[in-house]
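Note on naming: letters A, B, ... go to the chains in the order of the sequence lines (proteins, then strands), and numbering restarts at 1 for each one. Source: prediction; values computed, not measured. Only this structure's heavy atoms are used, side chains among them; waters, hydrogens and symmetry mates stay out.
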Amino acid sequence: MSNKPSIPKGTRDFGPQEVVKRNYIFDLIRKAFTRFGFQPIETPSFENSETLMGKYGEEGDRLIFKILNSGDFLRKVTDEELNSRNAASLTPKISEKALRYDLTVPFARFVVQHRNDIDFPFKRYQIQPVWRADRPQKGRFREFYQCDADVVGSQSLWQEVEFVQLYDAVFTNLRLRNTTIKLNNRKILSGIAEVIGAEDKLIDFTVALDKLDKIGEEKVKEEMLAKGISEDAISKVQPLFNVTGTASEKIKTLKSLLSTSEIGMKGIEELEFIVKSIDKLKLKSAKLEIDVTLARGLNYYTGAIFEVGAPPEVKMGSIGGGGRYDDLTGIFGLKDMSGVGISFGLDRIYLVMDELGLFPETVLETTKAMFVNFGEKEAMYAIRSMSALREEGIAVDLYPDSAKMGKQMGYADKRGIPYVILAGESEVKSKTYTLKNMKTGEQKTLDIDQLVSELK
RNA sequence: GUGGUUGUAGCUCAGUUGGUUAGAGCACUAGAUUGUGGUUCUAGGGGUCGCGGGUUCGAAUCCCGUCUUCCACCCCA
């Protein structure tokens, strides 16, 4: 058993049932993207390292899977470089490619590279796997799918409004109720930092604030102090720790807190527009909630920030996120191209839906009916009949060997095939079929037209 | 990257302070049942106890290393 086969940690095999269920989610997301006017693109699994490196912060660089150069990749490395044992300086010399870490940065690269062929505003969607050299844990894998929709080339806040509706549409179609779309704005966070005079500590401040509902007010303050934010500054934003009530009450609190900050007020204005619009339009199953502690995500967000929380009865991190980035393509040399986008975490949505039993039973019924094999003549009759059924779009199968009935029935039962068709000597003679419903045990004799309409 | 946890049959797990030939349930195969599955009964196959090393007369059991699983932190979908 020393050669027991295995797969790398954080990766998974998917059996037929899992793939069918995953495809169910993929299909609904893809349909929603299409209905909202997005067009599909795909980018390579791996990019040039310089495209990815440095875009996700230091932490992100560590989590990017690097691909070793082909051939004699150590030839050009000097002894000195090798002996220095400095991974950061050695890595670019032996690895020039890396697996994509998300879909947003490759998309930015795509936009810049194809700018002359793209009609702006450009609405694209992309459903592909990404890889992170992370340590796996619940809902966290090293290979997972992201389903992204972004718009570039428009600063209109209607995009944000539409993205909230898109989230709502997808989760409603998945029958995933009680999701929470948390909304914040980077400008509000900048405004807060400005008010307390700690602009340079914006990241530290927001990272600490983000943990509020997890570790509590006291611990957050402790962390802020530890990061060098003054006690005076913290007390200035005391109201921030208790922003409660309705959306308009929250906005009111924020307005009084940030009245001196121009950027902060701009952020509130944007937030208010989105909230008021959604209020008029109404959501079907999701809940939109202002959350000023929402700060996670990539540093490139400059406006709205979204994050979707799973239904509260499931313990799971966020199942989606996104936001506006005014200058994403700037890093690739294309300035003033505002973008906004959202992402669905397919693998986590799957886990949540599985836990809540939200997959319709019918998704597993991939094959509708199976013919029992009675022998050569009968098999020919079955094959002929199957052609007709398949042309009608009905998925049917024939047990390949004329094994014992019990065995054939057991096979159909285990595969979850809902109907078995018995076509033996007498049926062949009378050009009929005995259709057995595996759930009820009920059987009836039908001709081909009746069979088609029964299985359709 | 830090801390903890896990690994015994295809699956879920027992296995005493180290002591003969490592067990159960489910699953699998065959039969009871020659045109009827999910229930039942009977019989059978299947494990160098994750891997490597050490201690010992003797290791699934103790020690070290390593890989893997799951969890928390960091960060994030």
Presence of donor-acceptor pair under 3.5 Å, side chain of [X] and base of [N]:
| X | N | answer |
| --- | --- | --- |
| A:Arg62 | B:C74 | no |
| A:Glu427 | B:G35 | yes |
| A:Asp413 | B:G38 | no |

Spacing of the [atom1] atoms in [M] and [N] (rounded, Å):
| N | M | atom1 | answer |
| --- | --- | --- | --- |
| B:G54 | B:C11 | C1' | 33 Å |
| B:C64 | B:G25 | P | 36 Å |
| B:U69 | B:A32 | C1' | 43 Å |

Report summary line: Exactly one of A:Lys9, A:Arg12, A:Arg132 clears side-chain contact (heavy atoms from CB on, under 4.5 Å) with A:Phe141, and that residue is A:Arg12
Query raised in the report: Does the pair A:Arg62/A:Glu59 count as a salt bridge with the N-to-O cut at 4.0 Å?
Result: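 So A:Arg62 pairs with A:Glu59 through a salt bridge.
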Query raised in the report: Hey, is A:Asp401 close enough to A:Lys407 for a salt bridge, meaning N to O under 4.0 Å?
Result: no
Query raised in the report: Would A:Phe144 pass as stacked on B:A77, i.e. its ring centre under 5.5 Å from the base's six-membered ring centre and planes under 30° apart?
Result: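 Per 5.5 Å and 30° rule: yes, stacked.
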Go through [options] for me and flag the one nearest to the [X] side chain.
| X | options | answer |
| --- | --- | --- |
| A:Lys9 | B:G37, B:U68, B:A77 | B:U68 |
| A:Glu59 | B:C74, B:A77, B:U36 | B:C74 |
| A:Asp134 | B:C75, B:C28, B:U36 | B:C75 |
| A:Met438 | B:G37, B:C74, B:G31 | B:G37 |
| A:Gln137 | B:G35, B:C75, B:C73 | B:C73 |

Between N or O atoms, less than 3.5 Å apart, protein on one side and nucleotides 2-4 of chain B on the other: list the pairs.
from : atom 1 : to       : atom 2 : distance (Å)
B:U2 : O4     : A:Arg135 : NH1    : 2.9
B:G3 : O6     : A:Arg135 : NH1    : 3.0

Query raised in the report: In this structure, are over 12 heavy atoms from other groups packed under 6.0 Å from A:Gln17 atom CD?
Result: no
